[in-house]
Chemist: 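Okay, handing you the structure first.
Nothing fancy with the numbering, it's 1 onward along the sequence.
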Amino acid sequence: MSTVKSDLLHELTTRGFIHQCTDEAGLDKLARGETITGYIGFDCTAPSLHVGNLVGIMLLRKLQQTGHRPIVLIGGGTTKVGDPSGKDESRKLLTDAEIGANIAGIETVFSKFLSFGHGTRDAIMVNNADWLGALNYIDFLRDYGRHFSVNRMMSQDSVKLRLDREQNLSFIEFNYMVLQAYDFVELYRREGCRLQMGGSDQWGNIVSGIELGRRTESAELFGLTSPLLTTASGAKMGKTAAGAVWLNPDMLSPYDYWQFWRNAEDADVPRFLKLFTELPLGEIGKLAALEGAELNEAKKILATEATALVHGRDAADRAAATARTTFEQGQTSANLPSIEVARGDLEKGLGVLNAAVLAGFVKSTGEARRQVKGGGIKVNDAAAPTSGSRSL
């Protein structure tokens with residue numbers, strides 16, 4: 001990457017946020033000369049965002065911290081279509097009521113990362129249902145559809161990979177990139193937005209929006225993508241045996257969230273410290289240099305700092321204290337997550353496999369059995385039987 005001068009690109013570059021940029025020099029010049037308005041879209045497919053969304057949220061936070069204006073685009077309209085990017089199968093179509101409930105769940109997380117208001121650099125939140133829902137489809141196709149080449153759309157990864165795998169791609173999903181491109185143009189008109197950011201799987205959609213803005217508005221727009229994160233072992237970021245690592249505390253406790261980061265693979269610690277904490281780079285460098293048992297201290301700092309951003313400093317410190325009491329001092333903390341089990345089930349004997357499902361570690365006893373065989377589930381640090389007959 002070439003040398004950058006703006007605070008924005010310097011911060012994003014040194015912390016590893018940038019995968020591709022449509023015009024790095026042009027964006028760098030713009031960031032030095034004026035306040036940039038930039039956005040990221042978040043579809044409402046679940047009642048909470050998850051760790052996989054954190055890079056995007058942190059991108060918006062960095063945008064604001066370096067003197068620019070972030071827009072959170074809630075995809076109330078595009079959620080009805082479904083983004084095919086990185087998906088092998090079509091998503092279940094949600095009702096308006098389901099989408100509304102999901103929006104209520106995900107909106108709360110952004111106030112922890114961004115400062116909202118009416119100032120020139122304050123973040124705003126908008127919903128693309130406000131303009132997509134009012135479109136006259138025939139007029140829209142006439143005015144905007146003519147700017148899209150089907151040949152080029154077929155070559156985009158979000159479409160090509162689905163077809164190469166012989167997985168069905170519905171016509172409504174095929175329209176997703178057209179609607180996302182239109183979102184960019186609409187935000188340019190309404191808010192002077194000139195930058196769209198997203199994961200690397202969004203590159204084709206972002207470029208389509210830039211081209212549509214140039215053709216319909218003669219606008220100079222910019223795109224920037226972040227790398228899609230996987231762990232050092234190749235697992236998808238934010239996925240565990242028990243499912244997604246949610247950001248809302250009613251779907252995943254602050255303690256369990258802290259434990260997710262504490263259990264990061266050794267090789268991931270330096271990268272995660274840069275992306276998901278706001279520790280100075282010099283301090284991160286010292287922590288990254290730790291080896292062996294000392295690296296565990298770096299993981300605890302990662303866990304506490306990452307948890308503090310999502311759940312607040314008090315919750316993060318309590319989670320760290322609970323882990324210390326339980327695992328280092330050998331005591332039982334009142335702050336440990338708990339589950340309720342019917343007395344009758346306890347009297348019959350609660351097997352390891354069923355207990356793992358009840359605790360939310362796995363989704364089924366079959367998955368629990370595989371985890372036990374692989375050493376992923378133990379009882380008091382001892383290998384558990386796979387028969388499920390052992391009672392806890």
Chemist: Lys299: what forms a side-chain hydrogen bond (donor to acceptor under 3.5 Å, both in side chains) with it, not counting sequence neighbours?
Modeler: Asp266

Chemist: My understanding is that only residues two or more places apart in sequence, or in another chain, count here; which of them pass side-chain hydrogen bond (donor to acceptor under 3.5 Å, both in side chains) with Thr37?
Modeler: Arg69

Chemist: So how far is it from Leu275 CG to Leu12 CG, rounded to the nearest 0.5 Å?
Modeler: 10.5 Å

Chemist: Going by the salt bridge (charged side-chain N to carboxylate O under 4.0 Å, His left out) test, which pairs reach into residues 216-231, not counting sequence neighbours?
Modeler: Arg189-Glu217, Arg194-Glu220

Chemist: Side chain to side chain donor-acceptor pair (under 3.5 Å) between Gln202 and Gln196: does it pass, once the steps are laid out?
Modeler: CA-CA 10 Å; Gln202 295 298 313; Gln196 182 182 174; over 6 Å; no

Chemist: Please check if Tyr182 and Leu73 belong to a single hydrophobic cluster, counting links between Ile, Leu, Val, Met, Phe, Trp and Tyr side chain heavy atoms closer than 4.5 Å.
Modeler: yes

Chemist: Look up atom CD in Glu34 and atom CD1 in Ile36, then write down how far apart they are to the nearest 0.5 Å.
Modeler: 7.0 Å

Chemist: If I take atom SG from residue Cys193 and atom CG from residue Leu221, how far apart are they, to the nearest 0.5 angstrom?
Modeler: 8.0 Å

Chemist: Output yes when Lys29 and Glu24 qualify as a salt bridge under the 4.0 Å nitrogen-oxygen rule, no when they do not.
Modeler: no

Chemist: Are Glu297 and Lys300 within salt-bridge range, i.e. N to O under 4.0 Å?
Modeler: yes

Chemist: Under the ring-ring contact (aromatic ring centres under 6.0 Å, His included) rule, what pairs show up with a residue in residues 14-49, not counting sequence neighbours?
Modeler: Tyr39-Phe184, Phe42-Phe110

Chemist: In the hydrophobic cluster built from side-chain contacts under 4.5 Å, what are the other members alongside Leu228?
Modeler: none

Chemist: State the CG-CD1 distance between Leu287 and Ile301, to the nearest 0.5 angstrom.
Modeler: 4.5 Å

Chemist: Please, which pairs that meet ring-ring contact (aromatic ring centres under 6.0 Å, His included) have at least one residue in residues 193-226, sequence neighbours excluded?
Modeler: none

Chemist: Report yes if some heavy atom in the side chain of Met177 is under 4.5 Å from a heavy atom in the side chain of Asn205; otherwise report no.
Modeler: yes

Chemist: Check whether any side-chain N or O of Asn127 sits under 3.5 Å from a backbone N or O of Gly76 as a donor-acceptor pair, and report yes or no.
Modeler: yes

Chemist: Got Leu60 and Met197 here, is their nearest side-chain heavy-atom distance under 4.5 Å?
Modeler: yes

Chemist: Please name all residues satisfying side-chain hydrogen bond (donor to acceptor under 3.5 Å, both in side chains) with Asn248, sequence neighbours left out, ordered by chain then number.
Modeler: Ser48

Chemist: When you measure from the side chain of Ser208 to the backbone of Ala181, do you find a donor-acceptor pair of N or O atoms at a distance under 3.5 Å?
Modeler: no

Chemist: Will you find, in the side chains of Asp43 and Thr78, an N or O donor that is under 3.5 Å from an N or O acceptor?
Modeler: yes

Chemist: Restricting to pairs with a member in residues 278-298, which pass ring-ring contact (aromatic ring centres under 6.0 Å, His included), not counting sequence neighbours?
Modeler: none

Chemist: Keeping to residues at least two apart or across chains, list the side-chain hydrogen bond (donor to acceptor under 3.5 Å, both in side chains) pairs with something in residues 102-117.
Modeler: none

Chemist: When clusters are formed by joining ILVMFWY residues with side-chain heavy atoms under 4.5 Å apart, either directly or through shared neighbours, do Val207 and Leu179 land in the same one?
Modeler: no

Chemist: Could you check whether Glu278 and Gln65, counting side-chain N and O atoms only, form a donor-acceptor pair closer than 3.5 Å?
Modeler: yes

Chemist: With the side chain counted from C-beta on, respond yes when Tyr144 and Leu212 share a heavy-atom pair under 4.5 Å apart, and no when they do not.
Modeler: yes

Chemist: Holding to side-chain hydrogen bond (donor to acceptor under 3.5 Å, both in side chains), I want the full list of residues that pass it with Asp96, two or more places apart in sequence or in another chain.
Modeler: Lys80

Chemist: Check whether any side-chain heavy atom of Lys62 lies under 4.5 Å from a side-chain heavy atom of Thr66, and answer yes or no.
Modeler: no

Chemist: From Met58 CE over to Arg15 CZ, what is the distance, rounded to the nearest 0.5 angstrom?
Modeler: 7.5 Å

Chemist: Can you tell me how the ring of Tyr257 sits relative to the ring of Phe260, calling it parallel under 30°, perpendicular over 60° and tilted otherwise?
Modeler: tilted

Chemist: Do you reckon Trp258 sits in the same ILVMFWY cluster as Leu54, going by side-chain contacts under 4.5 Å, direct or chained?
Modeler: no

Chemist: Supply the atom-to-atom distance Leu281 CG to Glu283 CD, rounded to the nearest 0.5 angstrom.
Modeler: 10.5 Å

Chemist: Ignoring hydrogens and geometry, is there a side-chain-to-backbone donor-acceptor pair from Asn128 to Gly77 under 3.5 Å?
Modeler: yes

Chemist: Under 4.5 Å between any side-chain heavy atoms of Leu195 and Leu30, yes or no?
Modeler: no

Chemist: With side chains defined as the heavy atoms from C-beta onward, is the minimum distance between Ile124 and Val72 less than 4.5 Å?
Modeler: no

Chemist: Side chains of Glu265 and Ser233: closer than 4.5 Å at any heavy-atom pair?
Modeler: yes

Chemist: Could you tell me which residues satisfy ring pair (Phe, Tyr, Trp, His ring centres under 6.0 Å) with Tyr188, sequence neighbours excluded, listed by chain and number?
Modeler: none

Chemist: Kindly say whether Ala303 contributes a backbone atom to a donor-acceptor pair with the side chain of Arg262 at under 3.5 angstrom?
Modeler: no

Chemist: Just jot down the ring pair (Phe, Tyr, Trp, His ring centres under 6.0 Å) partners of His68, sequence neighbours excluded, or say none.
Modeler: none

Chemist: Begin with the C-alpha distance, continue with both residues' side-chain angles, and end with the deciding distance and a verdict on side-chain contact (heavy atoms from CB on, under 4.5 Å) for Asp183 and Trp131.
Modeler: CA-CA 9 Å; Asp183 281 346; Trp131 54 83; 2.8 Å; yes

Chemist: For the residue pair Thr120 and Thr35, establish whether any side-chain heavy-atom pair is separated by less than 4.5 Å.
Modeler: no

